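Residue numbers count from 1 along this sequence. Because the structure is predicted, anything quoted here is derived from the model rather than measured. Both counts, for ligands and for their atoms, begin at 1 and track the order of listing.
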Amino acid sequence: MAIAAKPEIPPWIPPPETKEDLDWASLKTLDLSKLDSEDPKDIEQLLDDTRHAIKEDGFLYLTHYGIPLEKLHRQFAIAQHLLDGNVITEEEKKRLEIQQHTGSYAGYKPMKGWGAGNGSYDGIENFTFYSPEMENPDKRPKGLEPFMDEVKEFWTYAHDEVNRKLLKLLSRVLELPDDYLWDNVQSHDGEVCAEGYFRFVCYRPMEKGQEGASMRIHGHHDIGTTTLLFSVPISALQVWNSKAEKWQWVKYKPGALVINLGESLEILTGGHFVATKHRVVSPPSDQQHLPRLSCAMFCSARGDLKVSPLQDSPMIQREGLKKEGVYGEFAKLLDAGMDVPDHDTWRKARRAYAQQGPSKQVTINKIKYSEEIFNGIKVYVPV
Ligand SMILES: O=C(O)CCC(=O)C(=O)O
Ligand SMILES: [Fe+2]
């Protein structure tokens, strides 16, 4: 579509940062361009930083990944237009509503819980794109059509260039060939996000009387390989600091990507890459009245890939499997003779489970955890 045919839309203006002195997480910043450095010392430093970031909290900032700030802000302007511009019609909201029990998040999520859309107000409105829907205009809001070329270009770059390079870095940590994770693990055939998905989200302020509701998304792991979150000025994202045993805030870093590692990578690496524990809470009081716009790409493993450790990795061979956390639970079942599922089966079960309402809470060493069990596998995340 010719650029001239596009309607004018308001730019996205980053809201002011909080003035509050919050308990910020100290996350490592990785300059991805260093991977192409001619100086081997730069590369060694980058690898070292990556190993540390993965061992510690599994969250990291990525900079110099190849998307200029103007392009990023333009994508936020499109997300803002979709979710704030009255672009999705009432008919589309109904027809395109997510059907989470199917194991897919595709489509429109109203501000009423996940799934059937008849839960109580949660203030989270989003639109999630999967590849088949991306190709079918009937599965997309009409009002977004003039911008689909930009949306696809942006997310194709994020998936096929940025994520591929990140996986190269992670492959090197596993002492595997550069494209090992991309070639053998990452789903990338098909349009844009392959078997993963990307999402435009708006967290709106809670309604009157509910302002005190501090939790917007309870503590969880993402279930795929890597998640690419674009850093946003409204503070709400928190990461679990496993050493200090507390939640800490993720600070806005303009233009940076916040990367988290999902459960697939934890299991595939035999527990070496720990899935990031994170949650979304109410912003600090000076930002609570503002909507929080966010864009994210959730990358997934190939559906036909078995969910079991990558025995090719010299690092895993040398250091052995770490039977803790999600991988530990998974290993117990494998040791008891469970068939190894493939990723498609695993994530459908995982997502369908996630809509069965609030999970059970258990206290371990004075810390409250949510306990989710699906296919017999227990997943614990601090609440
Ligand atoms: O909005 C964010 O910053 C993170 C959201 C998130 O963790 C998720 O959707 O899985
Ligand atoms: Fe998440």
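- Within the coordination shell of the Fe ion (ligand 2), defined by N, O or S atoms under 2.8 Å, His220 is present.
- Checked against the 6.0 Å centroid criterion, the rings of His278 and His220 qualify as a close aromatic pair.
- Using cut-offs of 30° and 60° for the angle between ring planes, the Tyr369 and Tyr380 rings count as perpendicular.
- Short contacts between ligand 1 and Val280, defined as distances under 4.0 Å to a heavy atom of the residue, involve ligand atoms 1 (O), 2 (C), 4 (C), 5 (C).
- For the pair OD1 of Asp222 and NE2 of His278, the angle at the Fe ion (ligand 2) is about 100°; rounding is to 10 degrees.
- Listed by number with element, the atoms of ligand 1 under 4.0 Å from a non-hydrogen atom of Arg292 are 1 (O), 2 (C), 3 (O).
- Contact annotation for Asp222 and ligand 1: only side-chain heavy atoms (C-beta onward) come within less than 4.0 Å of the ligand.
- Inter-residue side-chain proximity for Arg347 and Glu195 is flagged as met; some heavy-atom pair is nearer than 4.5 Å.
- The cationic group of Arg199 lies under 6.0 Å from the six-membered ring centre of Tyr105 and within 45° of the ring axis, placing it in a cation-pi geometry.
- Within the 4.0 Å heavy-atom cutoff, Arg279 does not count among the residues contacting ligand 1.
- Checked for salt-bridge contact, Arg51 and Asp48 meet the test: a charged N lies under 4.0 Å from a carboxylate O.
- Set against the non-hydrogen atoms of His278, the atoms of ligand 1 under 4.0 Å away are 7 (O).
- Ion pair Arg172/Asp178 flagged as a salt bridge, since at least one NZ, NE, NH1 or NH2 atom sits closer than 4.0 Å to an Asp/Glu carboxylate oxygen.
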